[in-house]
Amino acid sequence: LTFSVSNLPLWASFDASNSSLSGTPGANDVGTYSNIVISVSDGQDTTSLSSFSIEVLGSTRVLPSVLTEAGFSFEDTTIESAIRTALEGS
């Protein structure tokens with residue numbers, strides 16, 4: 001499988017080997033990063049999760065909240081699990 005991520009903030013990274021999205025925003029990165037989309041392809045078909053936003057609050061000690069437009073939180077669920085669920089539904 002080949003993963004891709006669009007509109008990822010510069011301070012964030014996606015590790016395709018374990019399907020994890022991570023990063024530590026700096027003090028100057030406060031704001032909302034919208035329309036982030038994670039896609040996966042098997043070479044024939046491509047599917048994408050719903051777009052989501054990351055909101056960075058005023059303190060770098062606060063973790064960003066990650067929500068999809070449907071309101072799902074990835075705080076307790078890996079992105080891989082969400083992608084597998086999306087693939088099973090298509």
Side-chain angles (χ1 to χ4, degrees):
L1 297 176
T2 303
F3 292 91
S4 62
V5 183
S6 60
N7 301 317
L8 193 62
L10 294 176
W11 49 263
S13 62
F14 182 78
D15 184 343
S17 68
N18 62 14
S19 305
S20 65
L21 177 64
S22 62
T24 304
N28 293 327
D29 295 319
V30 172
T32 301
Y33 300 83
S34 301
N35 201 31
I36 300 167
V37 178
I38 298 174
S39 302
V40 62
S41 173
D42 65 2
Q44 293 182 347
D45 295 314
T46 300
T47 191
S48 301
L49 293 175
S50 297
S51 64
F52 61 94
S53 299
I54 298 174
E55 181 180 12
V56 179
L57 304 177
S59 172
T60 57
R61 297 179 87 57
V62 176
L63 296 175
S65 62
V66 181
L67 299 175
T68 67
E69 289 179 2
F72 298 111
S73 173
F74 292 111
E75 293 171 355
D76 299 321
T77 305
T78 65
I79 297 297
E80 178 181 4
S81 174
I83 290 171
R84 288 185 191 280
T85 300
L87 289 172
E88 290 169 2
S90 59

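All values reported here derive from a predicted model rather than from experimental measurement. All residue numbers in this chain count up from 1 along the given sequence.
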Can you name the nearest heavy-atom pair linking V37 to L49, along with the distance?
CG1-O, 3.8 Å

Taking the side chain as everything from C-beta on, heavy atoms only, tell me whether W11 gets closer than 4.5 Å to V56.
yes

Between T32 (side chain only) and S34 (backbone N and O only), is there a donor and an acceptor less than 3.5 Å apart?
no

Contacts of D15 that satisfy side chain to side chain donor-acceptor pair (under 3.5 Å) - sequence neighbours left out:
S17

Would you sort out whether T2 and V40 count as a side-chain contact (heavy atoms from CB on, under 4.5 Å), showing the intermediate values?
CA-CA 5 Å; T2 303; V40 62; over 6 Å; no

Please round to the nearest 0.5 Å and tell me the distance separating atom OG of S53 and atom CG of N35.
7.5 Å

Applying side chain to side chain donor-acceptor pair (under 3.5 Å), name anything that partners S4, two or more places apart in sequence or on another chain.
none

Once you round to the nearest 0.5 Å, how far does CZ of F3 lie from CD1 of I38?
9.0 Å

Would L1 and L21 show up in the same hydrophobic cluster when neighbours are defined by side-chain heavy atoms closer than 4.5 Å?
yes

Check whether any side-chain heavy atom of L57 lies under 4.5 Å from a side-chain heavy atom of V30, and answer yes or no.
no

With side chains defined as the heavy atoms from C-beta onward, is the minimum distance between Y33 and L8 less than 4.5 Å?
no

Do P25 and I54 come within less than 4.5 Å of each other through their side chains, counting heavy atoms only?
no

